[in-house]
Amino acid sequence: MLSTTAAAQLPSCWYHIPSHLNVHHHAQQKRKLTTLSLANADSQISLRNFCGLSLPQTHNCSKGQESNNRSRYNSNLNQNHKHLLFLQFFPDSDTEDTNNQNLRTRNHYQHQVDKQGEFKENNKARPFTNMWWVDVKAALGQRINLEGIICSTMVILKDPKLAMPHISVPDIRYVDWAELRRKGFKGVVFDKDNTLTAPYSLKPWPPLESSLESCKLEFGHDIAVFSNSAGLHEYDHDGSKARMLEGAIGIKVIRHRVKKPAGTAEEIEKHFGCEASRLIMVGDRPFTDIVYGNRNGFLTILTEPFSLVEEPFIVKQVRKLETSFVRYWSRRGLKPLGQKLLPDPKPCVKEPYP
């Protein structure tokens, strides 16, 4: 603490500030001093830069030692006082330049730190926001297929034959894969949910495993999954769901950008290296899998769903509506579109082994 007396903290020795330093006490203002007013100076100079004088600590202070210490202390104060006055009226340009440069450097560094902090905060918020939106879109997309609604409306009003499958079976165990191979078909494209697996599952439905192995035996690697969930860019943008499914069932998942029934067969034809008319589309939804297959020239096989437990309520209602339309058109004698490789599909349907 500063007062009219500068106290060097020695156990038994105290030194007074020389009288030529004009110190104003400001006692009448009832506050502590933090600066010294130098004579003939227009501004105040902070003491903290030159009053931090450390004196050797002693336990015994004789009069001779005290006189020598006082002389040495006064000499140091005089030198510091002259140096400070010189710096006040004749500032060192190098010092000022250095201080200015340091100040600019500190300001620039602080600005960079602030920008980096803001960038990190934005990046933290953005992935969270993006992932949240992707998850919401994926959840809604599994329940509401806008493309399917539009296409289904057009099918009902203009071309109901597109919803009629070439073959209808309870599940893939009733399909004779060897006969289809002999008829000249080159590959098989499966839907995922309720065709190969239970909804949202990665494992094949156990009763279908033997038929799936028979299909692999006949068509080898020319088997793929084309789903509105795994592999669809809008909801599986990084392909993680497709890779997980491929690892679980050992079948390639085709990546695509347009949901069934809309879109062309370009990705599928590129994958198999042949026209869609030489391929088989297998699915459980008349207004998505079957309409998509018929629009693009596939042989279409409709299977019945084997698990509705995990299926969303809205999907169940839409499925009932689709089935009602197909049954109504079938009772009225509506036939599916022709398929040049399979004019009569009956030989390709069999009873499964018990």
Side-chain angles (χ1 to χ4, degrees), residues 126-155 158-159 162-163 165 186-197 199-202 221-302 311-312 314-315 318-319 322:
R126 189 175 297 113
F128 174 79
T129 304
N130 290 342
M131 291 305 298
W132 174 83
W133 176 239
V134 168
D135 292 340
V136 169
K137 287 174 66 179
L140 292 176
Q142 294 299 308
R143 292 160 174 80
I144 302 175
N145 185 347
L146 294 179
E147 297 89 343
I149 293 173
I150 296 172
C151 190
S152 298
T153 303
M154 299 301 295
V155 167
K158 292 187 176 182
D159 200 355
L162 290 175
K186 299 296 184 182
V188 183
V189 182
F190 289 100
D191 180 44
K192 174 186 174 293
D193 294 333
N194 268 326
T195 302
L196 290 180
T197 72
Y200 310 111
S201 174
L202 294 177
H221 295 291
D222 293 326
I223 303 173
V225 170
F226 193 75
S227 170
N228 277 352
S229 55
L232 181 63
H233 184 269
E234 185 176 357
Y235 309 114
D236 186 20
H237 58 92
D238 60 351
S240 58
K241 296 180 179 64
R243 289 191 294 272
M244 291 175 62
L245 182 60
E246 289 171 342
I249 65 177
I251 299 175
K252 177 68 177 179
V253 177
I254 298 175
R255 278 64 165 175
H256 58 109
R257 293 184 173 273
V258 182
K259 295 181 71 171
K260 297 176 292 185
T264 66
E266 181 180 357
E267 293 97 345
I268 296 177
E269 290 177 336
K270 182 178 180 180
H271 173 77
F272 286 97
C274 66
E275 295 180 355
S277 60
R278 301 178 68 85
L279 300 172
I280 304 164
M281 171 64 68
V282 185
D284 65 304
R285 299 287 301 275
F287 279 36
T288 53
D289 305 311
I290 302 306
V291 169
Y292 173 82
N294 285 334
R295 286 178 62 246
N296 290 284
F298 291 82
L299 172 72
T300 55
I301 300 178
L302 179 67
E311 200 166 59
I314 190 172
V315 175
V318 173
R319 184 190 293 279
E322 293 177 359

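For this chain, numbers begin at 1 and follow the sequence in order.
Using a 4.5 Å cut-off on side-chain heavy atoms (C-beta onward), Asp222 and Val188 make no contact. Counting only heavy atoms from C-beta outward, the side chains of Val282 and Thr195 approach each other to under 4.5 Å. Annotation: side chain of Leu232 is in contact with side chain of Lys259 (closest heavy-atom distance under 4.5 Å). Put simply, the side chain of Asp289 reaches to within 4.5 Å of the side chain of Asp284, judged on heavy atoms. Here the side chains of Arg295 and Leu162 are in contact, with some heavy-atom distance below 4.5 Å.
Environment of CZ in Arg243: crowded, with over 12 heavy atoms of neighbouring residues, nucleotides or ligands closer than 6.0 Å.
Residues Asn296 and Gly263 share a closest heavy-atom pair of ND2-O, 3.7 Å. Heavy-atom minimum distance, Ile249 versus Leu202: CG2-O, 3.3 Å. The two residues Tyr292 and Ile268 have their closest heavy-atom pair at OH-CD1, 3.6 Å. Shortest non-hydrogen contact noted between Gly231 and Val253 is CA-CG1, 4.1 Å. Of all the heavy atoms in Gly187 and Phe272, the pair that sits closest is CA-CE2, 4.0 Å. When all heavy atoms of Cys151 and Val291 are compared, the closest pair comes out as SG-CG1, 3.9 Å.
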- prompt: Please walk me through it: do Val315 and Arg285 pass side-chain contact (heavy atoms from CB on, under 4.5 Å)?
  reply: CA-CA 10 Å; Val315 175; Arg285 299 287 301 275; 3.8 Å; yes

field: Candidate pair Phe298 and Ile280, rule side-chain contact (heavy atoms from CB on, under 4.5 Å), full reasoning
entry: CA-CA 5 Å; Phe298 291 82; Ile280 304 164; over 6 Å; no

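With rounding to the nearest 0.5 angstrom, the CG atom of Asn228 is 6.5 Å from the OG1 atom of Thr288. Annotation: the span from Thr197 atom OG1 to Leu245 atom CG amounts to 7.0 Å, rounded to 0.5 Å. The OG1 atom of Thr300 lies 12.5 Å from the CG atom of Leu279; values are rounded to the nearest 0.5 Å. The distance from the OG atom of Ser229 to the OH atom of Tyr200 is 8.0 Å, given to the nearest 0.5 Å.
Under the 3.5 Å distance criterion, the side-chain polar atoms of Glu269 are matched with a main-chain donor or acceptor of Ala276. Looking at Asp236, its side chain does come within 3.5 Å of a backbone N or O of Ser240 through a donor-acceptor pair.
Considering His271, Glu267, Glu234 as possible partners of His256, the one that fulfils the side-chain contact (heavy atoms from CB on, under 4.5 Å) test is Glu267.
For the pair Asp191 and Lys260, the salt-bridge criterion is met [side-chain N within less than 4.0 Å of a carboxylate O]. Salt bridge status for Lys192 with Glu246: absent, with no side-chain N to carboxylate O gap under 4.0 Å. With respect to the salt-bridge test (charged N to carboxylate O, under 4.0 angstrom), the residues Glu311 and Arg319 qualify.
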